[in-house]
Each structure stands twice: as structure tokens, then as C-alpha cells.
Asker: 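Take a look at this one; I'll ask things after.
On a predicted model such as this, the values are computed, not experimentally measured, just so you know. Just so it is clear: chains get the letters A, B, ... in the order the sequence lines come, proteins before strands, and each one is counted from 1.
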2 protein chains.
Amino acid sequence: MEKKTDTANIETKIDLLLKKSNLSVTGGRRRILELFLQHDGALSHGDIEKKAGEKFDRVTIYRTLQAFLEKGLIHSIPTSDNSIRYALCKDDCSDGHHHDDHVHFICTACGTTVCLEEVTLPAIKLPRGYTTEQVEVLVSGVCKSCNH
Amino acid sequence: MEKKTDTANIETKIDLLLKKSNLSVTGGRRRILELFLQHDGALSHGDIEKKAGEKFDRVTIYRTLQAFLEKGLIHSIPTSDNSIRYALCKDDCSDGHHHDDHVHFICTACGTTVCLEEVTLPAIKLPRGYTTEQVEVLVSGVCKSCNH
DNA sequence: ACACCATTCGCAACATCGTTGCAAATAATT
DNA sequence: AATTATTTGCAACGATGTTGCGAATGGTGT
Ligand SMILES: [Mn+2]
Ligand SMILES: [Mn+2]
Ligand SMILES: [Zn+2]
Ligand SMILES: [Zn+2]
């Protein structure tokens, strides 16, 4: 009676995401993508290294993050402390072309970094002669849960 | 005939700045502060290491930047590429308490980072529950000189 | 000008982070 | 199942940043 669910290859959301991005599905990629899906905050390379119970080589994590970035699965968030964080992209991010028009927030209490998708970027009017390509807004403060 | 200018100890702007910040004036600090004064773009640790003709130890540069930061002589600018840049503060920045309410710009062509003092920070309205402490705005694009 | 003390400097040693080349392992394709 | 393309782990390396400590130097008072 388990034949159907068995053979029908329960393609999890994760596998689908990977295939949709033209990435061959491997153990490491599955696990790292899983971490991003079950954690709504952003993750650094170090975070992943710790949270991934099963040990993957550091290099594999670097390369996986690189691959995810290039395929538009994740985007990077610059921080003041010289440690890049990564967060899942919304569905409409494809191959390097991102639509991350939102603000990033870093909690000074718990340290978590989140994407505030509902806060859109302000228009920045630059002096004559400058051309805008991209705007990054980084707000630090105390997050919802740390404020009780 | 050089007695006067000689003994009168030509206290350069640099020495005054250092003393005003309660920093003893040394060769390294003079040179690094000089670099900041004659370069209007922001400088990274690496930039300073290269530009300072006379060779200072890496550690000295780290410690000098740290001291300048603490005394409010410079402020740091986070970048996407994991390399912190530093820029001179305006005069009203004292001991850790900064008034850097301006936007930072990184040129994708020449790589220079500048403070756009004339562009003030936008107000960012966060969702309920979040408290704002600091806002960083980082704009990338093409700078004035690279646009002809 | 000199001596004293506090601060800073240079060096060595170390830790962390990130990159590259290559051979073995694994995934996709036929 | 065999072939091919991709990914992985390992080792080695470079870059970056930190710390401890003795030597050098700056500030200060005589
Ligand atoms: Mn985001
Ligand atoms: Mn600035
Ligand atoms: Zn928090
Ligand atoms: Zn430029």
C-alpha cells in the first residue's frame, strides 16, 4: 500500500527549487537550502557550518553559496561587521537578476538579520553626475521579538 | 634668519587634529591622517598599506584605525565585498558619537567610495515592534568623474 | 637638556576566512 | 549499466585580523 507514495518520488519543495535553478541535487545543496527554508533570518557561512549537523567541507559550503547566488536562489546582505549574510530570494529572482527592493534589518540585541520585504527602498536623489545602479539600506536596532 | 619659523614649531593641521583627539602624535598617525586628508575618497586598510610609502607594520595600521575610530576622527563604511572602508568625519564628530547622516556611494567603474555629505538619509518607517537605532544607505553606480 | 613614565611600535605567533588545483565520488544522461 | 558531466573533499595556500611582549618613542616635569 505504500507503492504509490514510494515510487512516485516525493519530490520535495527543495528538490524542485534546485532543479528549477538548473542545479543538480546533492546532499549538501539539499541540506543548505533546507536550512534557509526553515530559518527565516539570514545566514552567514559560519552559521551554516554550525547548523548543518552532518559535516560538509567548508569549501563545499562556499561553493554552494556561490552557486545559489549565481542562480538567484539567495542574495547577500552586507553588514557592518565584515561578515556577509545570505537570505532566500523571492520567487521572481532569476539568474542573477534580483528584485530585492527591500530593507534589511539587524537586531543589536539578538544579532539576527532579516529581510523586511514590506519596507520598500526609498528613492535616493544623488548629486548631478552620479548614476544609481543599486541601493542598499541597512537598519540596525531592536527587533520585534527582542522588544517583548 | 630661519630662527623664527624654525623654533615656532610649525604645527600642521594634522598635529592639531591629533592633539584635539587626545592622541599622541607619532609618525604613523601623522602619515595615515595625512592620507585621509589628501584623499577625499574612503580608504581601506589595504589602501593605506599600499599608499603609505614608508612601511608601517600592518598591526600599527590596524591599531591606528581603531584609535581614530574611537576618537571620532574617522567612521567606517560597510561594503558589499566584505572590506571595510574608512572616511574622515566632519568636525562635529566627537568621541564615538558620530553625526554621519549621509549616504555612501561606491563607483562600480573606478571602485572609489565617497561620502555624499549633501545627501541626507531618508526616513525609514519600520513595521510595528521594530526600533531603529541606525540607518546605513549604500548606493552603487557610476561616479561623477567616471561619467566623463 | 635630561630623566622618567606612559604609550606606541614592530615582530612573531596565531586564528579565521576565503580561494584554487586536483583526484575521487557522485549525479545526470544515454 | 555504461558514459559523461558535475560536485565533493582534501591539501595547500594567501589574505585578513588579533594578541602578547620587549624595544622604541612620545609626553611631561625637572
Ligand atoms: Mn533581503
Ligand atoms: Mn561617510
Ligand atoms: Zn532581536
Ligand atoms: Zn568612478
Side-chain angles (χ1 to χ4, degrees), chain A residues 9 11-12 14-35 42-71 73-74 76-86, chain B residues 6-7 9-12 14-35 42-71 73-74 76-86 111:
Chain A
N9 260 343
E11 290 225 299
T12 147
I14 293 172
D15 291 30
L16 283 177
L17 267 174
L18 287 175
K19 285 183 182 166
K20 211 171 74 176
S21 302
N22 281 319
L23 291 167
S24 43
V25 15
T26 69
R29 288 174 177 173
R30 262 217 206 89
R31 181 80 187 98
I32 294 179
L33 187 47
E34 187 184 28
L35 285 178
L43 298 174
S44 68
H45 177 274
D47 293 335
I48 294 172
E49 209 166 347
K50 287 172 208 125
K51 288 183 203 274
E54 182 185 347
K55 288 311 168 204
F56 300 101
D57 193 274
R58 273 175 344 106
V59 180
T60 302
I61 299 178
Y62 281 116
R63 292 197 267 227
T64 302
L65 288 173
Q66 193 55 42
F68 285 6
L69 265 184
E70 282 164 4
K71 298 299 185 175
L73 272 173
I74 60 178
S76 68
I77 306 171
T79 63
S80 324
D81 69 336
N82 232 2
S83 78
I84 302 182
R85 308 279 171 94
Y86 302 87
Chain B
D6 192 37
T7 53
N9 260 341
I10 322 107
E11 289 226 302
T12 147
I14 293 173
D15 291 31
L16 284 177
L17 267 174
L18 288 174
K19 285 183 182 165
K20 210 171 75 177
S21 302
N22 281 319
L23 290 168
S24 44
V25 14
T26 67
R29 288 175 176 171
R30 262 218 206 90
R31 181 80 186 98
I32 293 179
L33 187 46
E34 187 184 30
L35 285 177
L43 298 174
S44 69
H45 177 275
D47 292 336
I48 295 171
E49 209 166 347
K50 287 171 210 126
K51 289 183 203 271
E54 184 184 346
K55 286 311 169 205
F56 299 102
D57 194 274
R58 274 178 342 109
V59 181
T60 301
I61 299 179
Y62 281 117
R63 292 197 267 229
T64 302
L65 288 172
Q66 193 55 40
F68 284 6
L69 265 184
E70 282 163 6
K71 299 298 186 175
L73 272 174
I74 59 177
S76 69
I77 306 169
T79 63
S80 326
D81 70 335
N82 231 1
S83 79
I84 302 182
R85 309 277 172 96
Y86 303 88

Asker: For A:L65 and C:dT19, what is the distance between atoms CG and P respectively, to the nearest whole Å?
Answerer: 10 Å
Asker: To the nearest Å, how far apart are A:E70 CD and D:dT6 C1'?
Answerer: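 Distance check: A:E70 CD to D:dT6 C1' gives 14 Å.
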Asker: Please state whether the phosphate of C:dG18, meaning OP1 or OP2, lies under 4.0 angstrom from any side-chain nitrogen or oxygen of B:N82.
Answerer: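 Yes, B:N82 has a side-chain N/O under 4.0 Å of OP1/OP2 on C:dG18.
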Asker: Tell me which nucleotide among D:dT8, C:dG18, D:dC10 gets nearest to the side chain of A:R29.
Answerer: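 So the nucleotide nearest the side chain must be D:dT8.
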Asker: Is any side-chain nitrogen or oxygen of A:T60 closer than 4.0 Å to OP1 or OP2 of D:dG9?
Answerer: yes
Asker: Please report, rounded to the nearest Å, how far the P atom of D:dT16 is from the CG atom of B:D57.
Answerer: 15 Å
Asker: Does A:R58 place a side-chain N or O at less than 4.0 Å from the phosphate oxygens OP1/OP2 of C:dG18?
Answerer: no
Asker: Rounded to whole Å, how long is the line connecting atom NZ of B:K71 with atom P of C:dT7?
Answerer: 10 Å
Asker: Counting N and O atoms only, with roles assigned by atom type, does the side chain of A:T12 sit under 3.5 Å from a partner on the main chain of A:I14, one being a donor and the other an acceptor?
Answerer: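 Looks like yes, one N/O pair under 3.5 Å.
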Asker: Rounded to the Å, how far apart are A:F68 CZ and D:dT7 C1'?
Answerer: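 In whole Å, D:dT7 C1' lies 13 Å from A:F68 CZ.
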Asker: Whole angstrom is fine here: how far is it from CG in B:D81 over to P in C:dC17?
Answerer: 17 Å
Asker: Establish, from distance only, whether the side-chain atoms of A:S44 and A:D47 form a donor-acceptor pair under 3.5 Å.
Answerer: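 Their side chains do contain a donor-acceptor pair, which is all the 3.5 Å distance test asks for.
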Asker: Nearest nucleotide by nearest heavy atom, which residue falls closer to the 5' end of DNA chain D, B:S83 or A:T64?
Answerer: A:T64
Asker: Need to verify one output field. Residue with the more 5' nearest nucleotide on DNA chain D, B:S24 or B:Q66?
Answerer: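 Closest to the 5' end, via its nearest nucleotide, is B:Q66.
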Asker: In terms of side-chain heavy atoms of A:R63, which of C:dG21, C:dA27, D:dT16 is nearest?
Answerer: C:dG21
Asker: Assess the residue pair A:F68 and A:I32 against the criterion (side chain to side chain contact (heavy atoms under 4.5 Å, CB included)); give the C-alpha distance rounded to whole Å, side-chain angles, the decisive distance to 0.1 Å, and a yes or no.
Answerer: CA-CA 10 Å; A:F68 285 6; A:I32 294 179; 4.0 Å; yes
Asker: May I have the distance from A:Y62 (atom OH) to D:dG14 (atom P), rounded to whole angstrom?
Answerer: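 After rounding, the reported distance stands at 17 Å.
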Asker: In the structure I gave you, are the side-chain heavy atoms of A:R29 and A:S24 within less than 4.5 Å of one another anywhere?
Answerer: yes
Asker: Nearest-Å distance, NZ (B:K50) to C1' (D:dA15)?
Answerer: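 One finds 11 Å between C1' of D:dA15 and NZ of B:K50, rounded.
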Asker: Do A:T64 and A:I48 have side chains that get closer than 4.5 Å, going by heavy atoms?
Answerer: no
Asker: Does B:T26 make a side-chain N or O approach to OP1 or OP2 of C:dT7 shorter than 4.0 Å?
Answerer: no
